[in-house]
Number of protein chains: 2
Amino acid sequence: MTAKITPSRNITMVELARLAKVDVSTVSRALNDSPLVKPDTKKHILKIAAETGYAVNASARNLRKQSSGAIGIVIPMRPDSGQTISDPFYLEMVGAVSHAASKHGYDLIISVPTGENEIAERRLLQTGRADGLIVIGQAGRSERLNALGIMRDKVVVWGGHTGQQKYTLVGSNNLEGGRLAGEHLLSIGRKRILFLGDIDLPEVALRYDGLKQAHLDAGTRHDSKLVLDLDFGGRRAFDALQDLIVDGVTFDAVFGASDVLAMAAIHALQAKGLMVPGDVSVVGYDNIGQSSVSTPALTTIDQNIAMGGERMVELLLRKLDGKKVKSEMMPTRLIVRQSCGG
Amino acid sequence: MTAKITPSRNITMVELARLAKVDVSTVSRALNDSPLVKPDTKKHILKIAAETGYAVNASARNLRKQSSGAIGIVIPMRPDSGQTISDPFYLEMVGAVSHAASKHGYDLIISVPTGENEIAERRLLQTGRADGLIVIGQAGRSERLNALGIMRDKVVVWGGHTGQQKYTLVGSNNLEGGRLAGEHLLSIGRKRILFLGDIDLPEVALRYDGLKQAHLDAGTRHDSKLVLDLDFGGRRAFDALQDLIVDGVTFDAVFGASDVLAMAAIHALQAKGLMVPGDVSVVGYDNIGQSSVSTPALTTIDQNIAMGGERMVELLLRKLDGKKVKSEMMPTRLIVRQSCGG
DNA sequence: GTTAAAAATACAATCGATTGTGATCCTACA
DNA sequence: TGTAGGATCACAATCGATTGTATTTTTAAC
């Protein structure tokens, strides 16, 4: 582990060329492993490069190659507070995308649009800082995404497949996920399932559709009054659900559109003296790390975040390569834990 | 909301100059609001720039200016699994840093070092992709950080102040935070406080030191057997704590080095039939969003993540500007919620 | 109405790499 | 030994901006 002493100033390619007694063009080709340079020379140059700790200047390279070697990831913010949504789902997604990006030699630029610079995403592309964009979630921006116009071939979005989108979409099979959750709750004898989530979001709407589908499959219908329209934030869910209980709305199960919502629901129920899963069964969505250590452990729908992040990067790079790609759905599966009883 | 149609190819500065019938140098100065160009001309150029949707090419600009306009943020991974640590703390920190960075006109490049490319951080700096680095957490890398050598003046680290670090450090006052937690638990009559966390991490060690200090202040001593050495992951805490209970270790309070740990502890206790706060009081650390909606709501130490992120960016930019800066501590405060009883 | 000074603009070098093309070297074959 | 042709390498243009300096235009003062 003899860490090379970093020279005070970064060495440039002409200096490297001078040291190796060759032209810069040869150095460039050697570093890029071109067949145009003799193996011996190549070795010689690489050795000197290693000794001097040479690293190619990204700006120069990008300028010449007309690409940035970076992709941008856009994660949403809570519109009101200006705070990042603290749902661990996003962090896991960022981690997955970051991992995939670096595997392909790309950097990841994170962009959290605030109210003023809503076009930060566009700027990333237009200034050439990022070659492409990955947008997590369609929150309040589905139409904006459709309006991306010419940029469409540089963007991949994570969200729900409604069939209306003009952009490339990757997401879990939300309909199936919702159906699985509903099917499970109905199969253990639950009859009145409260749905928690922001129906305006395509991915959430699909999960709800899946829940309704499960009812139809079982020969029943979901009571449309059993929908608590909420954003993803756990705090509001916690309060709203307690209000609902006070109002006397009755239900024997809760299906949360995210694990964070479901966990908030569990706590709200417990705070009101209801037993989970004794009185009420609860199912979440995402399978975030914490869902397995809640009390009771949360039954949830796994949407394979790692695979999703990976696929988004792959599809984006293919698009950037000029290839046509199609939207994709990640498989979902039901993870049964204690929060449902049965 | 008349979104400008983006031209198929991005327009360049010479084309803009041609359109405005001036030299590129004048365009450049106009866009940078130089006093060398007449206000009228400036307005004229800016108008055309807006019409054409011109955006300055980042690579060219950075090449010329010898800076990238970006800072890198390094967040740790679980060394074993290769998975991102799913502690919401990191996401909130990324959000805060991202916000501060964009406020200063900087992009944020996220880097999640994996086993192989541990030097990804260095690469970011050496290739000029990032002007500086923000490293979140000292996990297993304190010595590596000290070894950064010449890069030290381009790095700011979030972590605990042990007095040994050679790098610029920002962090909450961990000692005081730990003391506050201990003081509170002792003040409500708790005697045997179990500490949860990875003592190898400077920030965690300091929190533990604070806990011991609180005992001394109260005229008692902390039983050193009441330390459960854990990494930040909640899953392991959940299991280990249950094992501890089975082993018959007795305690009447838990102080977790993070909210995630504390919440896992609550669930482990409940799973073993212990009441929180009836039998055991619990205090966490971080004040993440979810801590207010757990059952019972978590008493915790707030470390003002937003301010911390902001300060790190400010200090880093100051360093990049050649100025000397000193490490800083963010104030901490106790947030009392139900998990302690009393 | 000159002219000196100030203001505004144009010219040209430069940042550090990549890459098409031209120059040189070497091998092999006649 | 001469030379065709491939293997290497050097030369030079280029990517798109910034900035020091030269040049032109305008202003102001006499």
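Below, all heavy atoms of this structure are taken into account, side chains as well, without hydrogens, waters or symmetry copies. Note on naming: letters A, B, ... go to the chains in the order of the sequence lines (proteins, then strands), and numbering restarts at 1 for each one.
- Within residues 54-70 of chain B, the residues approached by DNA chain C to less than 4.0 Å at the level of any non-hydrogen atom are B:Leu63, B:Arg64, B:Gln66, in residue-number order.
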For residues 29-37 of chain A, please give each side-chain donor-acceptor pair under 3.5 Å, one per line with the distance, not counting sequence neighbours.
residue, atom, partner, partner atom, Å
A:Asn32, OD1, A:Arg61, NH2, 3.1
A:Asn32, ND2, A:Ser28, O, 2.9
A:Asp33, OD1, A:Lys42, NZ, 3.1
A:Ser34, OG, A:Leu36, N, 2.9

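- As judged by a 4.0 angstrom heavy-atom cut-off over every strand, B:Val22 is placed among residues touching the sugar-phosphate backbone only.
- Salt bridge status for B:Lys38 with B:Asp40: absent, with no side-chain N to carboxylate O gap under 4.0 Å.
- Regarding B:Arg29, its CZ atom lies at a distance of 15 Å from the P atom of C:dA7, rounded to whole Å.
- Side-chain contact of B:Asp131 with B:Ser68: a donor-acceptor pair under 3.5 Å is present, judged by distance alone.
- The nearest pair of heavy atoms linking B:Val97 to B:Gly309 is CG2-CA, 3.8 Å.
- A donor-acceptor contact under 3.5 Å links the side chain of B:Ser25 to the base of C:dC11.
- Scanning both residues, B:Glu328 and B:His161, for their nearest heavy atoms gives O-NE2, 2.8 Å.
- The residues B:Arg18 and B:Glu15 are annotated as not salt-bridged, no charged nitrogen and carboxylate oxygen being separated by less than 4.0 angstrom.
- Closest approach of B:Val155 and B:Leu316 over heavy atoms only: N-CD1, 4.0 Å.
- With D:dT8, D:dT19, C:dT18 as the choices, the nucleotide that has an atom nearest any side-chain atom of A:Met13 turns out to be C:dT18.
- Here the rule is side-chain contact (heavy atoms from CB on, under 4.5 Å) with B:Tyr54, and of B:Leu16, B:Val27, B:Thr12, B:Leu19 only B:Leu16 fits it.
- One interatomic measurement links the two molecules: NZ of A:Lys38 to C1' of D:dA10, which rounds to 15 Å at whole-angstrom precision.
- For C:dT9, the OP1/OP2 oxygens have a side-chain nitrogen or oxygen of B:Thr41 closer than 4.0 Å.
- Take the nearest nucleotide of DNA chain D for A:Val24 and for A:Pro39: the residue whose nucleotide is more 5' is A:Pro39.
- Side-chain proximity of A:Asp23 to the nucleotides C:dA12, D:dC11, C:dT18 is greatest for D:dC11.
- Note on the helix from C:dG1-D:dC30 to C:dA30-D:dT1: terminal axis deviation equals 50°, with five pairs used at each end and the result rounded to 10°.
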